[in-house]
Amino acid sequence: MGEQTRLYDLTYDRLVAWLAAHGEPAYRAKQIFHWLYVRRVRSLTEMTDLPKRLREALAAQFLLDDLTELARQTSRDGTVKLLLGLSDGHAVETVVMRHRYGNSVCVTTQVGCRIGCTFCASTLGGLKRNLTAGEIVAQVLHAQRLLDEEGARVSHIVVMGIGEPFENFDALVDFLNIVSDPRGLDIGERHITVSTSGIVPRIYDFADLGLKVRLAISLHAPTDELRSRLMPINKKYPLTDVMAAARYYVEKTRRRISFEYALFGGVNDRPEHARLLAERVRPIFALVNLIPFNPVPKRPYVRTPREDIVRFKRLLEEEGVVVTLRREHGTDIDAACGQLRARHHDQSFLPK
Ligand code: SAH
């Protein structure tokens, strides 16, 4: 990988520019996007309405390689967790989830992560490298091909797999551009959620792009002291700065924002945490998405008991906050982000 660009790395505009530089009309880009993302062919030779010389020029310049499926786990609720191999031997996780409103795919943006959240499996081995836009696109295509077998489509994307998307900003933006293109996969921006650990300068940059993408910020604590303990990134970008950036995003995009709040037993799940959290999020009308902690081997946290989760939710609601409780998908498989990959790399990482 590396030197050679993938066809999947190209936004529509960049493809048009490349074609123009090679004396080809812009409508060829439409044909190519159709073959790649609507017909979902796997080779240039299948693009039968392109002249042979163009197919050869494309082949000389671009790779058209799909990800290799290394492992697949299917849970009772239909969630499919995939371990997908990249061309340099690294592996990433992609998850397909079924909802009443459609099918979502959760994509990975980095091999590993350097943010270091103390409860997360994805960060255990550090960051290996960023994915290219095309490697993120290829995950959606892989999921779509899996759904093709049932005549279904990917309707939603959550950028919540391994990695911090805002540390791979340019590839993220190209990815969003490619998958939402109406000439290709056509997944509406409003159906895409990007989740960040709170990289403040990038939240401003993202807001300024004017996309209609939903932003989620991982909060997990209502005070700096507690948040820094759970998420060391908070020492660099403390809560006040995160909240100011969140407000900017809401004002600029007119989109509601959501805060993720994973509940760790006895750590951040007490009634006073709910009240402090409500004070933080109410001024910007943010949603709170509660996530029951998914136990990770080697991590020192426990789950909050069910009745305490319900109490926490009710307290937030009494304070006027709109709350959702994340429905858990695939709890009978390696559900939490990074667990399948971690186990693949480390045989001592035994199944539950
Ligand atoms: N890096 C991005 C997106 C990744 S994960 C971010 O930090 O937002 C999606 C959500 O799952 C984040 O809120 C993350 O903090 C949370 N998470 C990670 N490990 C978890 C675990 N074991 N149990 C519950 N939530 C977890």
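Whatever order the structure lists them in is the order used to number ligands and atoms, beginning at 1.
For Lys212, the NZ atom counts as densely surrounded, since its 6.0 Å shell holds more than 12 non-hydrogen atoms of other residues, nucleotides or ligands.
Between the side chains of Tyr8 and Asp66, at least one donor N or O lies within less than 3.5 Å of an accepting N or O. Side-chain atoms of Thr79 and Asp77 form a donor-acceptor pair, as typed in the model, at a separation below 3.5 Å.
Listed by number with element, the atoms of ligand 1 under 4.0 angstrom from any heavy atom of His220 are 13 (O), 14 (C), 15 (O). Those atoms of ligand 1 that come under 4.0 Å of a heavy atom in Ser197, given as number and element, are 6 (C), 7 (O), 8 (O). Atoms of ligand 1 found under 4.0 Å from any heavy atom of Gly161 (numbered from 1 in listed order, with element): 4 (C). Short contacts between ligand 1 and Cys120, defined as distances under 4.0 Å to a heavy atom of the residue, involve ligand atoms 18 (C), 19 (N).
Backbone and side-chain nitrogen or oxygen atoms of Arg326 are examined, and none is located within less than 3.5 angstrom of a nitrogen or oxygen of ligand 1.
Which of Glu167, Glu164, Glu260 comes nearest to atom 10 (C) of ligand 1 through a heavy atom is settled by distance: it is Glu260. Among Phe119, Phe259, Tyr261, the residue whose heavy atom lies closest to atom 18 (C) of ligand 1 is Phe119.
Looking at Arg299 against ligand 1, nothing comes within 4.0 Å, counting heavy atoms. Within the 4.0 Å heavy-atom criterion, the part of Val296 lying near ligand 1 is the side chain and not the backbone. At a heavy-atom cutoff of 4.0 Å, ligand 1 is contacted by the backbone of Thr196 but not by its side chain.
In this structure, the side chains of Val302 and Phe293 stay at 4.5 Å or more apart for every pair of heavy atoms.
Under the side-chain contact (heavy atoms from CB on, under 4.5 Å) test applied with Pro201, the options Phe166, Tyr237, Phe169, Phe206 reduce to a single match, Tyr237.
Taking the side chain to side chain donor-acceptor pair (under 3.5 Å) definition, one finds that Arg14 meets it with Asp174, sequence neighbours left out.
Residue contacts with ligand 1: Ala121 is excluded, as none of its non-hydrogen atoms falls under 4.0 Å. The shell of residues lying under 4.0 angstrom from ligand 1, judged by heavy atoms, includes Gly163.
Closest heavy-atom contact between Leu185 and Val140: CD1-CG1, 3.9 Å.
Using a 4.0 Å cut-off between a side-chain N of Lys or Arg and a carboxylate O of Asp or Glu, Glu279 and Arg282 do not qualify as a salt bridge.
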